[in-house]
Amino acid sequence: MKPCHLRVYYGPQEETIPAQRQSHRHTVNVPLMEILPLLADAVNSDRVWLRDFSDDEVTISMDLYEVLLAYEHYRRPVA
């Protein structure tokens with residue numbers, strides 16, 4: 001497994017943040033492939049800290065959502 005490189009996000013470099021962006025100050029956009037291996041390892045290792053975030057919502061693209069729904073449907077075992 002290749003090593004993952006995480007970066008610390010310090011927020012925007014601008015002095016002032018527009019009003020419509022202030023509500024998103026505590027979010028960060030990262031590529032899925034940057035966090036997926038870490039989340040998979042945490043799930044496989046049954047890390048307790050995952051429970052702290054179990055009720056958090058995540059935003060994904062509609063394309064990814066549709067692919068996940070199709071994957072869920074076709075991976076079900078046949079009776």
Side-chain angles (χ1 to χ4, degrees):
M1 185 166 134
K2 71 178 189 176
C4 297
H5 301 284
L6 297 178
R7 298 178 299 259
V8 176
Y9 177 72
Y10 293 104
Q13 300 298 319
E14 310 161 15
E15 288 294 322
T16 59
I17 300 172
Q20 71 266 19
R21 289 186 55 206
Q22 286 183 0
S23 64
H24 293 89
R25 289 182 63 186
H26 299 289
T27 63
V28 61
N29 293 325
V30 294
L32 182 61
M33 291 310 295
E34 187 171 324
I35 61 170
L36 192 60
L38 297 170
L39 289 173
D41 181 69
V43 168
N44 289 334
S45 302
D46 196 26
R47 299 296 181 194
V48 175
W49 59 264
L50 281 174
R51 294 184 197 120
D52 295 341
F53 302 97
S54 63
D55 293 329
D56 286 11
E57 292 185 359
V58 295
T59 303
I60 60 174
S61 68
M62 184 56 76
D63 290 346
L64 177 56
Y65 182 67
E66 290 172 351
V67 168
L68 291 172
L69 287 177
Y71 178 73
E72 179 184 41
H73 175 75
Y74 289 111
R75 78 177 191 109
R76 291 183 186 154
V78 177

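These figures come from a predicted structure and were not determined experimentally.
- Open room surrounds CG on Asn29; 12 or fewer heavy atoms of other groups in view lie less than 6.0 Å from it.
- Residue Val30 is grouped with residue Leu50 when hydrophobic side chains (ILVMFWY) are merged at heavy-atom distances under 4.5 angstrom, including chains of intermediate members.
- Linking ILVMFWY side-chain heavy atoms closer than 4.5 Å, directly or via other members, places Leu36 and Val67 in two distinct hydrophobic clusters.
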I'd like a table of donor-acceptor pairs (distance under 3.5 Å, sequence neighbours excluded) in which one partner is a side-chain atom from residues 54-65, with atom names and distances.
{"unit_1": "Ser54", "atom_1": "OG", "unit_2": "Arg51", "atom_2": "O", "d": "3.1"}
{"unit_1": "Ser61", "atom_1": "OG", "unit_2": "Leu64", "atom_2": "N", "d": "3.2"}

Tell me which donor-acceptor pairs under 3.5 Å the side chains of residues 42-49 have, and how far apart each pair is, sequence neighbours excluded?
{"unit_1": "Asn44", "atom_1": "ND2", "unit_2": "Ala40", "atom_2": "O", "d": "3.3"}
{"unit_1": "Ser45", "atom_1": "OG", "unit_2": "Asp41", "atom_2": "O", "d": "2.9"}

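- Among residue pairs with one or both ends in residues 27-38, those qualifying as salt bridge (Lys or Arg N to Asp or Glu O under 4.0 Å) are Arg7-Glu34; sequence neighbours excluded.
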